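Nothing here was measured: the structure is a model prediction, and the numbers come from that model.
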Amino acid sequence: MRSAHRRELNRAARPCPERTGVKRVAMLSMHTSPLEQPGRGDAGGMNVYVMQTARHLAACNIEVEIFTRATSSEQPPTLTVQPGVTVHHVPAGPFDGLSKNDLPSQMCAFTSGVLRTEAANPAGYFDVVHSHYWLSGQAGWLAKDRWKVPLVHSAHTLAKVKNLNLAAHDTPEPFARIVGEEQIVNEADALVANTAAEAGELVEHYQADPSRVSVAAPGVDTEVFAPGDRGAARRRLGLPADAIVVGFVGRLQALKAPDVMVNAVARLRQLNPELADRIRMVIVGGQSGTGKDYPRLLRQLTRDRGLTDAVRFIPPRSGDELADVFRACDTVCVPSHNETFGLVALESQACGTPVVATAVGGLTTAVADGTTGFLVPGHDETAWAITLNRLLTDPAKRELMATAAVEHASRFSWCHTTANLVKTYRDALARLHANRAVAGAG
């Protein structure tokens, strides 16, 4: 793990102004550890969400124990990240060689490890189980029945929605996942969506009970992601001071669609030759478990489009190093085919860098179209090129958007996210106790 990533995890969480009767939460994140570097493998915005909310819950005097699948013999069985936040590495299958699609075969082993850990503690040890992603939701379903506590579930992505917005040549989500998600929606005591749009998708596509769906939008750490010296950031990255820099940050996979940005920049150089020599692209990310060949194909695309000298590929980074990337860019592109939120867009705006994103999913919430950036319907390279040209040739417009972007991002805080989660936990507990009272009276 990079030192900058460690510093971000260890940064003191701001105290929560509200205390709560919830004392201990079991968070399940089976397929990816919150300690992993975002932008590589299956790690991304969900990892940040899990760790940040755990840290802020701890600041509310709520202990959080996170359960994730062990992926290395060097990982300790239990790791205390900070007071009140513990990570359990649960043995479930071989450390290497398992893709995310293989993990359902290890569901029993993972769930058994979670239950055994809880069994070593007094009865009533956990007040709530909060699962992240459908694999964890299956484990959480059994845990909630065993522990007699409410199950709160965050999907983060939904198979039916992903399949409706599938990238060309990408692999549809399997039917087994769709069935698994439907079961979790039926069994969960509360469902947490990142945006109102995702809440609507849960109701429309999964027939979720609207009264059990709440919204807890991700936040941004404005102590890390804040405006800074663009010239200094470019010097640290080895970028020309007078370049026009377009950035991408995320996993290198078809879903995130960095190829859309590459094609758009190539088209932009055709439409506006005066920009051709000044444009530089920075692509920050790593190989994803769902598209192992994608990085090679992306590099080939840059060669085919004549952009080899204009692009820099940088390994995933976090914290201050990632903030430097955002500050160095004139705009950051988020051309995903589907995003439940798009945390990268929020972090970029917090650094004062406008965003050009696809008008899909949570990006319509994360980006204020025409104010903090632009939303593009679809992935047509000419439409993207025209939008980029509109932004990159108007310094005054970029300056106005930069100011608005910082203000927009400041409205999203992890304290606010956590306060919404605490309310959801309380409501789920109240419903559970009320149902038990009715059942007892009957």
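When the options Arg426, Arg431, Lys144 are evaluated for a salt bridge (Lys or Arg N to Asp or Glu O under 4.0 Å) with Asp189, the one that passes is Lys144. Across Gln138, Glu181, Arg177, a single residue satisfies side-chain hydrogen bond (donor to acceptor under 3.5 Å, both in side chains) together with Tyr133, and that is Arg177. Checked options Met30, His31, Glu36; the residue passing with Ser33 is Glu36 (criterion: side chain to side chain contact (heavy atoms under 4.5 Å, CB included)).
The distance from atom OG1 of Thr80 to atom CD of Gln82, rounded to the nearest 0.5 Å, is 10.0 Å. One finds the CG atom of Asn338 at 11.0 Å from the CG atom of Asp170 (value rounded to the nearest 0.5 Å). Taking CG from Leu158 and CG from Asn165, the interatomic distance works out to 11.0 Å, rounded to the nearest 0.5 Å. With rounding to the nearest 0.5 angstrom, the CG atom of Leu151 is 11.0 Å from the CG atom of Leu142. One finds the CD1 atom of Ile66 at 12.0 Å from the OG1 atom of Thr78 (value rounded to the nearest 0.5 Å). Note: Arg251 CZ to Gln287 CD = 12.5 Å, rounded to the nearest 0.5 Å.
For CG of Asp369, the number of neighbouring non-hydrogen atoms (other residues, nucleotides, ligands) closer than 6.0 Å is greater than 12. Remark: Asp309 CG is loosely packed, at most 12 non-hydrogen atoms of other residues, nucleotides or ligands lying under 6.0 Å away. Residue His205 qualifies as enclosed at atom NE2: its count of foreign heavy atoms under 6.0 Å is above 12.
Geometrically, Lys256 does not engage Phe248 in a cation-pi contact, judged by NZ or CZ lying under 6.0 Å from the ring centre and within 45° of the ring axis.
When all heavy atoms are compared, the tightest approach of Asn420 to Ala216 is CB-CB, 3.9 Å. Nearest heavy-atom pair, Val213 versus Ala208, reported as atom, atom and distance to 0.1 Å: CG2-CB, 4.0 Å. Smallest separation of non-hydrogen atoms from Ala92 and Phe110: CB-N, 3.8 Å. Thr417 and Pro218 get closest at one heavy-atom pair: OG1-C, 3.6 Å. The nearest pair of heavy atoms linking Ala368 to His408 is N-NE2, 4.2 Å. Nearest heavy atoms, Leu363 versus Ala357: CD1-CB, 4.1 Å.
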The test is side chain to side chain contact (heavy atoms under 4.5 Å, CB included); show your working for Leu57 and Met27 and say whether it passes. CA-CA 11 Å; Leu57 284 167; Met27 278 198 186; 3.7 Å; yes
What's the verdict on side chain to side chain contact (heavy atoms under 4.5 Å, CB included) for Asn389 and Ile386, showing C-alpha distance, side-chain angles and the deciding distance? CA-CA 5 Å; Asn389 187 66; Ile386 290 172; 5.6 Å; no
Can you check side chain to side chain contact (heavy atoms under 4.5 Å, CB included) on Val246 and Leu392, steps first, answer last? CA-CA 9 Å; Val246 180; Leu392 297 176; 3.9 Å; yes
Stepwise salt bridge (Lys or Arg N to Asp or Glu O under 4.0 Å) test for Arg398 and Asp394: CA-CA 6 Å; Arg398 285 205 308 277; Asp394 191 343; over 6 Å; no
Run the side chain to side chain contact (heavy atoms under 4.5 Å, CB included) test on Val332 and Phe326 for me, step by step, so that the C-alpha distance in whole Å, both residues' side-chain angles and the decisive distance to 0.1 Å come before the verdict. CA-CA 7 Å; Val332 167; Phe326 292 134; 3.8 Å; yes
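Of the N and O atoms on the side chains of Thr365 and Thr195, not one donor lies less than 3.5 Å from an acceptor on the other residue.
In this structure a side-chain-to-backbone donor-acceptor pair under 3.5 Å is missing from Tyr425 to Val152. Distance alone, capped at 3.5 Å, places no donor-acceptor pair between the Arg327 side chain and the Gly352 backbone. No side-chain donor-acceptor contact under 3.5 Å links His416 to the backbone of Phe412. Looking only at distances, a side-chain donor or acceptor of Gln349 sits under 3.5 Å from a matching main-chain atom of Ala366. A donor-acceptor pair under 3.5 Å links the side-chain atoms of Gln75 to the main chain of Thr71, judged by distance alone. Side-chain atoms of Thr358 come within 3.5 Å of backbone atoms of Ser336 as a donor-acceptor pair (strictly under, hydrogens ignored). A distance-only check finds a donor-acceptor pair linking the side chain of His89 to the backbone of Pro76 [under 3.5 Å]. In this structure a side-chain-to-backbone donor-acceptor pair under 3.5 Å is missing from Ser29 to Thr68. Of the possible donor and acceptor atoms, none in the side chain of Ser348 sits under 3.5 Å from a partner among the backbone N and O of Ala345. Looking only at distances, no side-chain donor or acceptor of Thr340 sits under 3.5 Å from a matching main-chain atom of Thr157.
Electrostatic pairing of Asp330 and Arg234 counts as a salt bridge here, judged by a charged N lying under 4.0 Å from a carboxylate O. Ion pair Asp427/Lys423 flagged as a salt bridge, since at least one NZ, NE, NH1 or NH2 atom sits closer than 4.0 Å to an Asp/Glu carboxylate oxygen.
Using a 4.5 Å heavy-atom cutoff, the side chains of Leu275 and Arg269 are not in contact. Thr32 is not listed as a side-chain neighbour of Val50, based on a closest heavy-atom distance of 4.5 Å or more. Side-chain contact between Val325 and Val249 is present, with heavy atoms from C-beta onward closer than 4.5 Å. Counting heavy atoms from C-beta outward, Pro335 and Val376 have side chains that stay 4.5 Å or more apart. Residues Met401 and Leu391 form a side-chain contact, since some pair of their non-hydrogen atoms from C-beta on lies under 4.5 Å apart. At a threshold of 4.5 Å between non-hydrogen side-chain atoms, the residues Val22 and Val422 do not count as touching. Put simply, the side chain of Met261 reaches to within 4.5 Å of the side chain of Ile283, judged on heavy atoms. Side chains of Val344 and Glu339 form no contact here, defined as non-hydrogen atoms less than 4.5 Å apart.
Under the 30°/60° scheme for interplanar angles, the aromatic rings of His379 and Trp384 are found to lie parallel.
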